[in-house]
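Bear in mind that the values here come from a model prediction, so they are computed numbers and not experimental data. Chain naming here is simple, since letters A, B, ... match the order of the sequence lines and numbering starts at 1 in each.
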Amino acid sequence: MEKSYAPERIEARWRQRWEAGGAFAPHGDGTPFCIMIPPPNVTGTLHMGHAFQDALMDILTRWRRMQGRAALWQPGTDHAGIATQMVVERKLEREGRSRQELGRDAFVAEVWNWKRESGGRITDQLRRLGASVDWSRERFTMDDELSEAVREVFVQLYEQGLIYRGTRLVNWDPVLRTALSDLEVLASEEQGHLWHLRYPMAGSDAVLTVATTRPETMLGDTAVAVHPDDARYQAWIGKSVLLPLAEREIPIIADDYVDPEFGSGCVKITPAHDFNDYRMGLRHDLPLINIFTDTAHLNDAVPAAYRGLSREQARERVLADLDAQGLLEKTENHALTIPRGDRSGAIVEPYLTDQWYVRTEPLAREAVQAVRDGRIRFVPDNWSKTYYEWMQNIEDWCISRQLWWGHRIPAWYDADGNIYVGRDEQEVRAKHALDANLPLHQDEDVLDTWFSSALWPFSTLGWPRKSAELERFYPTDILVTGFDIIFFWVARMIMMGLRFAKDVPFRRVYVHGLVRDAHGQKMSKSKGNTIDPIDVIDGIGRDALVQKRVADLMDPGKAKAIGRITREEFPEGFPASGTDALRFCFAAQATFGRDVRFELPRVLGYRNFCNKLWNATRFALLHAERLDADAPDANPGLADRWIRHRLHTTAQDVAEHLEECRFDLAAQTLYDFVWHDFCDWYLELAKATLAQNGPEAQAQSTLQTLFETLEDALGLLHPFMPFITEELCQKLPQRQKDSDAMLVNAAWPQPEAVADAEDAVATIGWLQDFVGGIRRIRAEMDIAPGRPVPVLLDGWTAQDQARFGETEGWIMGLAKPESVRWLADGEPAPESATALVGNMRVLIPLSGLIDRDAELERLDRELKKLEGTRASVQGKLSNENFVSKAPADVVEQERKRLAELEAAHAQLARQREKIKQMEHA
RNA sequence: GGGUGCUUAGCUCAGUUGGGAGAGCGUCGCCCUUACAAGGCGGAUGUCGGGGGUUCAAGUCCCUCAGCACCCACCA
């Protein structure tokens, strides 16, 4: 066995063997357990967020599988409409081609090609993480079966009156030239201006001043509004102004919406290009004048001079022209929120179009109820508040997109514009008894990507067929996802699941935080602070890392700064940490309600943990030959009982934490057990036992405990660190017999409770104090660990003697005293350094070894600490209220504690006095 | 304007129903002790953001202020 752990040597082998062995398909007839992977973009690459999320899902899946559940982790990818279309369009652009040039069919074929080429990348990366998804069930949102589910849901919703086509203002992305849902629009706080424009009164010399942040839209104004109670404008209501430049007369109306305090108290109304104005237009029956093309250039509805200008050009031109006419009163700086498309970054334009909508209110009502009555639980629970908040204010969902990549809307039109919705053209013709010669054309638009994602929990399982998988695995057990898509995805899955699969899609939703960089910054390509999880696993050189970060930057000017910062932060690049260390790191960081900062040193810490585990196994294997499988069961020794008890409680705690999705606590518990209990103490104790010439039965008991504990620890760690645990487990002597048995298929360890654990815990604790005391004196007095020192014991009890009798061999091995002598009652001790074990004093005589002043200083420090604690306990106990009101057991505990503190203090004080006197003598 | 979360050691974070402030990393000292120097042993380090309240007792519950972050929202 290699002296050090080298992850790259073991991971590929096990990935291959697990998959070949069909380990990831659900098997057995245990209670089903199912997790749906949030399908990543098919052409995307794995980022830290995925790795984090996938690590957690895999921990749950592997754990449940080991518990005997028929576990299915359903994999697959999403077609990601806009994102994928943009990527392919950009690729075409580089090749000097364009989507429009190709035409729809050729373009879609091009995207499929792209998907075939690059679609395997993210699934390969998922494999690298050790994700135990059932690859045989991999799905894609545009698979035939899933597309069928999409059409089925669309048709049924339409028939239920929950899908309709409507003409309204939508969020229009003029760069992508498609409608967007509300969720795809992000508000960004930006610095702008507030322009005060003068609108002359019709048939009068007076002017009305309106304030606006978008002067270019004035060409589409169809009214000016004031507050009905605003004294300044009472006389004007009902009259009209002459709209400058456009030379149209528009009315002055009164509406509560207007805030008299803001600007001039007078608002221009552009119903076709502003959501508020649109609503006001409806209230006052105002005409709508659309002045934009779908690329946000001015159209023919404006005077010839402005036609064809972009929004930006139009603004300048309008302002200049107004100014020239003396109609620009003033310009103020003004901060405002600007809506931008989440993909393109373009300023979104409210734009009047025909789109398809889902009526969400009835669906949302059912979806809220499912969370209210606990059929779905958010973990942590506070996310349910966010969910309610949104669901109660939900707007209808615009589901049509003017894209080519996606599920085409199953609606057909005849020449008269009649709409026919159906599963396919044939069905539509049959259903509406349409003549075979009547020309029909299908809606050009595709559905919002999230429409098919919303069906994922049941479409992947075979719906609308009543498949066995659907029957077995739906509702799924838990969804693991980020808070950023609660609205996009989680809420919509709940709505669709309840309506079509007739039950909740999952029973719990575990919401994790965002993975940020070490400084708490969001990772992004443009900031140049992204970290590829695969690079953490395999390691990457500094220069390669820099190169990766500066490649394909939107703003190449940033390359230099990014390079500098990267070199500074990672002068050595990343060392290879291995998948297990990365996974364990994620688990350890997965606490509730907090984003996680990814710090390389922490991963390295867990790589060291892997190495520790590796070497602990190596140690055990050195003794494998001595293990006699046929040895009769001996009475387990003290240390054996102690470690078995610790193993038992560890296993229980880990399972409890996992039930509650406290991955951090589970990981911490395992880390502590393996490193501190098993390696630091038990292996050292076992070493001593095995080295001594004691009875062979005792050695065999130790060996049995050693190997069994190690095997169980590997089992408990397996969901977190699948590769190294599988590798090490195979090497254990008890595993050698059955070479086909893999840990991935093993049962979750359930170590037995130890009957007389209390005694073992107390005695080992006593031993730890004893050994620790001597070590501390050595360390502080600069006595080399190997140098033998005589030890005297004073103030001991029969119990101390009994315990020493049980642990003498270990103490001699671990603390290396030259000799141990029990002082008789009243026997004078030489001046010594002191440690306390309970009330017994462990003394190491000063002669020649110990610095008297240093020991006095040390004692003073100890005494001061004791005095501080003592004072606080005394304070409590001398408080009558505490004694009378606190529970009796708490009071009793404090009394006991005070007695202990006082005894300890007395012992040390006595010791100090002694040294002091001897000094004077 | 509504809503949520965070503030604990130099750094990153645990601290479950109120009852002796913890871990990892870093740091300091000693040690290449035959599983592991990616290691061992030991040490130091905290007005638990500020203020107020409830309580015998508050990092933990309540109020308030401050700072940071995020989400939602139609003020031109």
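For residues 580-596 of chain A, proximity to RNA chain B is found at A/Thr591, A/Gly593, A/Arg594, defined as any non-hydrogen atom under 4.0 angstrom from a strand atom.
Within the 4.0 Å cut-off from OP1 or OP2 of B/C13, at least one side-chain nitrogen or oxygen of A/Arg597 is found. Here A/Lys3 reaches the OP1 or OP2 of B/A37: one of its side-chain N or O atoms lies under 4.0 Å away. Side-chain nitrogen and oxygen atoms of A/Lys687 include none within less than 4.0 Å of the OP1 or OP2 phosphate oxygen of B/U34.
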Side-chain donor/acceptor pairs under 3.5 Å, residues 265-273 of chain A, sequence neighbours excluded:
unit_1: A/Lys268; atom_1: NZ; unit_2: A/Thr217; atom_2: OG1; d: 2.7
unit_1: A/Lys268; atom_1: NZ; unit_2: A/Asp221; atom_2: OD1; d: 3.0
unit_1: A/Lys268; atom_1: NZ; unit_2: A/Thr270; atom_2: OG1; d: 3.0
unit_1: A/Thr270; atom_1: OG1; unit_2: A/Asp221; atom_2: OD1; d: 2.7
unit_1: A/His273; atom_1: ND1; unit_2: A/Pro350; atom_2: O; d: 3.3
unit_1: A/His273; atom_1: NE2; unit_2: A/Asn290; atom_2: OD1; d: 3.2
unit_1: A/His273; atom_1: NE2; unit_2: A/Ile291; atom_2: N; d: 2.9

Extract all donor-acceptor atom pairs below 3.5 Å that involve side chains of residues 330-337 of chain A and protein atoms in other chains or at least two apart in sequence.
unit_1: A/Glu332; atom_1: OE1; unit_2: A/His196; atom_2: NE2; d: 3.0
unit_1: A/Asn333; atom_1: OD1; unit_2: A/His193; atom_2: ND1; d: 3.2

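Side-chain proximity of A/Asn879 to B/A35, B/A38, B/C56: nearest is B/C56. If you check B/C36, B/G5, B/A38 against the side chain of A/Ser4, the one that comes closest is B/A38.
Between B/G18 and B/A58, the distance separating the two C1' atoms is 6 Å to the nearest Å. Straight-line distance between the P atoms of B/A57 and B/A69: roughly 38 Å, to the nearest whole Å.
Among residues two or more places apart in sequence or in another chain, the salt bridge (charged side-chain N to carboxylate O under 4.0 Å, His left out) test is passed with A/Asp677 by A/Arg646. Partners of A/Arg895 under the side-chain hydrogen bond (donor to acceptor under 3.5 Å, both in side chains) rule, at least two apart in sequence or in another chain, do not exist in this structure. A/Lys876 is linked by a salt bridge (charged side-chain N to carboxylate O under 4.0 Å, His left out) to A/Glu894, counting only residues two or more places apart in sequence or in another chain. With sequence neighbours excluded, no residue forms a side-chain hydrogen bond (donor to acceptor under 3.5 Å, both in side chains) with A/Ser4.
Look at CG on A/Leu604: it is 10 Å from P on B/G39, rounded to the nearest Å.
Helical stems of RNA chain B (runs of at least 3 Watson-Crick or G-U pairs, donor-acceptor distances under 3.5 Å) are listed by first residue: B:1-7 with B:66-72, B:10-13 with B:22-25, B:27-31 with B:39-43, B:49-53 with B:61-65.
The aromatic rings of A/Phe678 and A/Tyr682 sit parallel, their planes meeting at an angle under 30°, below the 60° perpendicular limit. Between A/Phe483 and A/Trp383, the two ring planes are parallel [angle under 30°; tilted spans 30° to 60°].
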Grab the N/O contacts between the protein and nucleotides 43-46 of chain B below 3.5 Å, and write none if there aren't any.
unit_1: B/G43; atom_1: OP1; unit_2: A/Arg776; atom_2: NE; d: 3.2

Enumerate the protein-to-nucleotides 72-76 of chain B contacts in which both atoms are nitrogen or oxygen and the separation is below 3.5 Å.
unit_1: B/C74; atom_1: O2'; unit_2: A/Asn276; atom_2: ND2; d: 2.3
unit_1: B/C74; atom_1: N1; unit_2: A/Asn276; atom_2: OD1; d: 3.2
unit_1: B/C74; atom_1: O2; unit_2: A/Asn276; atom_2: OD1; d: 2.4
unit_1: B/C75; atom_1: O2'; unit_2: A/Tyr257; atom_2: OH; d: 3.4
unit_1: B/C75; atom_1: N3; unit_2: A/Asp259; atom_2: OD2; d: 3.0
unit_1: B/A76; atom_1: O2'; unit_2: A/Ala211; atom_2: O; d: 3.0
unit_1: B/A76; atom_1: N6; unit_2: A/Asp259; atom_2: O; d: 2.5
unit_1: B/A76; atom_1: N6; unit_2: A/Phe262; atom_2: O; d: 2.7
unit_1: B/A76; atom_1: N1; unit_2: A/Asp259; atom_2: N; d: 3.2

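A/Cys610 comes within contact range of no nucleotide atom at all, as no heavy-atom separation falls under 4.0 Å. Note on A/Leu514: nothing from the nucleic acid sits closer than 4.0 angstrom, heavy atoms only.
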TODO: Spell out protein contact along nucleotides 27-32 of chain B as letters: B when the base is contacted, S when just the sugar-phosphate is, - when no protein heavy atom is under 4.0 Å; keep the 5' to 3' order.
DONE: ------

Open item on the list: Base contacts versus sugar-phosphate-only contacts with protein, heavy atoms under 4.0 Å: please encode nucleotides 19-25 of chain B as B, S and - from 5' to 3'.
Closed with: BB--SS-

